[in-house]
Amino acid sequence: MQIVQIVFDSLIRASELGLIAIGLTMVYSVLRFPNFAHVEYATAGAYFAFAVTTYLRLDFMVAAVLAILLTALFGLATDWLVFRHLRRRSDIILMIASFALSIAIRQFILMIWGPSPRFYTVGWGDPLHIGNALITPMQIGIIAAATVCMAGFHLLLNKTKLGVSMRASADNTQLSEACGIPTDRVVRVIWLIGSGFAGLGGILLALDTQLTPLMGEAMIIPVFGAAILGGIGSPYGAMLGALIFGFAENLGLGINWAPILHGLGLSAGNFAFIPAGYKEAVPFALLIAMLIWRPQGVMGRKRQ
Amino acid sequence: MTIKSSVGRALLLSAAVIATVAMTATGNANAAGVNLGLFTSLTGSSAVVGQDMERGAQLAIDQVNAGYEVPMKDGTTVKLGPGLLGGKVTLSVEDAESNPKSAMDAVRKLVEVDKVPVVMGEYSSGLTLPTGQYTNKQHIVQIAIGANSPMLRDIGPYFFDMIALNNVEGPPMVDLAVKDLKAKTYATLVPNNPYGIGLQQAICDAAKKAGGECAVTVNYEPNQTDYRAQLQQVKRVNPDAIMFFAYGSDATLLLRQAHELGMNPGKNWFGPEMSNWVNEVSANPDISKIAEGIRGIDFSVGGDFYDKTYAVPFEAKFNAKPATNFGAFAYDTAMVTALAINKAGNADPAAIQKEVAAEAGKYKGVTGDKSMDKDGMQVNATLVTEIYKDGKLEPYTPGK
């Protein structure tokens, strides 16, 4: 088995998934609704960067930073325009509103940039050989960027007053408000950080693959799966969930079962893989098993 | 307001509602002209092909509305129009979004709301198979434009296909790999849908007959953001030839990720119906370079008749050249539909259904002979061998 290659592929996937899943789980932790439009912030971030590089002809790094800021503000604006007015309504109303918003964002992007795939003008670089595995400099950069962001987020949560307020609000909004924490301000910061992370996740995904208006829609199941697997509401859980998801997808399809089948006396050629059509079934089987064993997810806490 | 006038208004309103409902229920049957349905992927991975098909169908309908001498195989023409059944031909277009669920929604809307007697589409078998089963059950005619999974043959009497089924593609694909590489072991990398499964079966059967074998068969889900794990399965087997099919934007991602995993598509990848992805791949120079040298087969579309009858009017109308082969298949589909309605003399789906195969057999298609067999499937399967070179498909002679 090409274990090093599987590790590389899984880390790349986890980096892209993790950044998007963190924002999703942060918003959930405070506002208690699954924001289906969150994956579209990733698409929006990727297209913002594309627009800035294409129309303003700015350097890609500058464009990426601007795009992340724009996505953060965009996420906050969606809360201000849509979700803020629905806070006192049932979760189902918020969920449907987020569905509607996700369709609106996707269709708007389609209208502006059309359905064909687009690419940033950043070179990919030739793949580097590490052992018998291959990874491009771009992909190393993607893993590094995600790692730095997650480490920074960890420091923010644990070493700053804002982080403590965020954790307190996520844990018990009413109690933290009673303790004098300005929860409205904390909610705004959570929207900014969560959407910004989604924007970065979208840019990294587009760098690694391509820009299409449907890229967010294609990520919705793995992103939610990672967040739930790790424990919805827990940022560390989202990181871990993304890692488990990435490895489950790649390892599940990477194992050659032929020697085992031969050992059991079953007829098989030299290669017998789990059919690629079941790629997503592998992590979801894991997710179901996890929910039966530990309904709150790996790092989630039981709620009363 | 008096009671009398209130009653009068209520009666008037009721009459209007009843009349509206009655008109809606009868749909095309009593109205002048006819409204036809087209479902095609205007968005998603097949959008370039889908938009081209919309233009092809619209061109044919505009010609019929203006009055058109339709060329027939025996050298005669049949005058259609202006319009049909005493009125204008209109086209209701619904976006299939390159996915089966949206395709079903689109076709349900065309059948139940627009009340069309004929639904045209699609070119992806994954979208065509479930919609065909539905329209056949509803006794609404469906004519597929470019879908060619062998499973389509069994749908039923209201379903027709304007392209040859893909079991004809297996032997020439294997023949190409044998002539070029003396291939014995094969991998298939195809979408997990009826087209992909049918193609995979056809290739593996042909490989077996040629003394080879399919060492691995990989079916990927379209419209995803990562195909590394699927590509790894192909790479690890290290087959002599990789038989690859993808729709537009899936092809660009698969080729990029294959390159990043150290695979060399130009060396031993072979593609059936490469025109499905040539536009998207050639739009990016880096991806285009990766695809350079991929060989394959495609349905033969072109020549003087095609240019004069389709390509030139297309360019005049849309100010652009046809983007894919499938716009021309959509043109032929719309023209055969118009001929069948003209022959039936009304917009009753049962009457139109009786005429489709006969009219297709007489019509001189811009994509070749459109004759259908007893199941309504196109018989003609003229294939050409091609190579992807310098951003376009060029004729190719195997073994060179």
Side-chain angles (χ1 to χ4, degrees), chain A residues 1-2 5-6 8-10 12-13 16-17 106-107 110-111 114-119 123-127 129 132-136 138-139 205-206 208-219 222 246 249-254 256 269-280 282, chain B residues 41-48 50-51 95 97-99 185 187 189 191-193 196-197 213-239 248-253 256-257 259-263 279-281 283-287:
Chain A
M1 196 191 307
Q2 291 187 314
Q5 187 67 61
I6 288 173
F8 286 161
D9 292 347
S10 305
I12 296 162
R13 181 74 166 154
E16 294 156 0
L17 279 179
R106 198 181 314 141
Q107 293 300 325
L110 258 170
M111 195 176 74
S116 295
R118 290 169 185 272
F119 298 84
W124 312 331
D126 286 329
H129 287 263
N132 60 354
L134 289 161
I135 188 165
T136 63
M138 175 78 74
Q139 289 166 340
L205 177 65
D208 184 36
T209 59
Q210 57 192 5
L211 290 115
T212 72
L214 302 183
M215 58 193 278
E217 192 185 20
M219 293 291 276
E249 280 184 352
N250 288 286
L251 202 59
L253 262 59
N256 178 14
N270 293 329
F271 294 94
F273 299 109
I274 291 177
Y278 294 108
K279 182 183 175 187
E280 284 181 348
V282 179
Chain B
S41 295
L42 302 174
T43 56
S45 56
S46 310
V48 173
Q51 290 171 2
D95 184 5
E97 297 177 8
S98 309
N99 81 65
T185 55
L189 180 61
N192 192 18
N193 67 16
I197 303 295
E213 61 159 349
C214 276
V216 67
T217 54
V218 177
N219 311 118
Y220 65 86
E221 290 299 323
N223 292 319
Q224 297 303 302
T225 56
D226 180 22
Y227 292 117
R228 285 188 197 90
Q230 291 91 329
L231 288 161
Q232 284 285 5
Q233 289 191 342
V234 174
K235 190 186 170 195
R236 285 182 57 196
V237 173
N238 193 23
S249 55
D250 289 334
T252 52
L253 183 54
R256 175 179 176 168
Q257 294 195 322
H259 168 74
E260 288 173 351
L261 289 170
M263 299 168 88
N279 288 288
E280 287 85 347
V281 167
N284 181 283
D286 291 325
I287 307 277

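Just so you know, these numbers come straight off a predicted model, no measurement behind them. Below, chains carry the letters A, B, ... as their sequence lines are ordered, and counting in each starts from 1.
Heavy atoms closer than 4.5 Å to chain A are found in the side chain of B/Val216, but not in its backbone. Interface residue B/Gln233: backbone and side-chain heavy atoms are both found under 4.5 Å from chain A. In this structure, the portion of B/Gln51 lying under 4.5 Å from any heavy atom of chain A is its side chain and not its backbone. Heavy atoms of A/Ile274 lying under 4.5 Å from chain B belong exclusively to its backbone. Both the backbone and the side chain of B/Asp226 come within less than 4.5 Å of a heavy atom in chain A. With a threshold of 4.5 angstrom between heavy atoms, A/Thr209 approaches chain B through its backbone and through its side chain. Only the side chain of A/Gln139 comes within contact range of chain B, with heavy atoms under 4.5 Å apart.
Of the listed residues (A/Phe119, A/Phe273, A/Phe8), the greatest number of heavy-atom pairs within a distance under 4.5 Å of chain B belongs to A/Phe273. Interface remark: of the candidates B/Asn223, B/Val218, B/Thr252, B/Thr252 forms the most heavy-atom pairs closer than 4.5 Å to chain A. Of all the listed residues (A/Pro117, A/Pro127, A/Pro275), the one sharing the greatest number of non-hydrogen pairs under 4.5 Å with chain B is A/Pro117. In terms of heavy-atom pairs under 4.5 angstrom with chain A, the leader among B/Asn279, B/Thr217, B/Ile287 is B/Ile287.
The two residues A/Ile6 and A/Ser10 come nearest to each other via the heavy atoms O-OG, 2.6 Å. Shown here for A/Ala206 and B/Arg256, the closest heavy-atom pair between the two residues is O-NH1, 4.3 Å.
With hydrogens and angles disregarded, a donor-acceptor distance shorter than 3.5 Å links the side chain of B/Ser98 to the backbone of B/Ser46. Under a 3.5 Å cut-off, the side chain of A/Lys279 and the backbone N or O of B/Ala229 do not form any donor-acceptor pair. Side-chain atoms of B/Asp250 never come within 3.5 Å of backbone atoms of B/Pro222 as a donor-acceptor pair (strictly under, hydrogens ignored).
Judged as a side chain to side chain contact (heavy atoms under 4.5 Å, CB included), and not counting sequence neighbours, the contacts of B/Asn192 are B/Ile197, B/Asn219, B/Glu221. For the ring-ring contact (aromatic ring centres under 6.0 Å, His included) test, residues two or more places apart in sequence or in another chain that qualify with B/Tyr220 are B/Tyr227.
Atom CE of A/Met138 is separated from atom CG of A/Asp126 by 12.0 Å, given to the nearest 0.5 angstrom.
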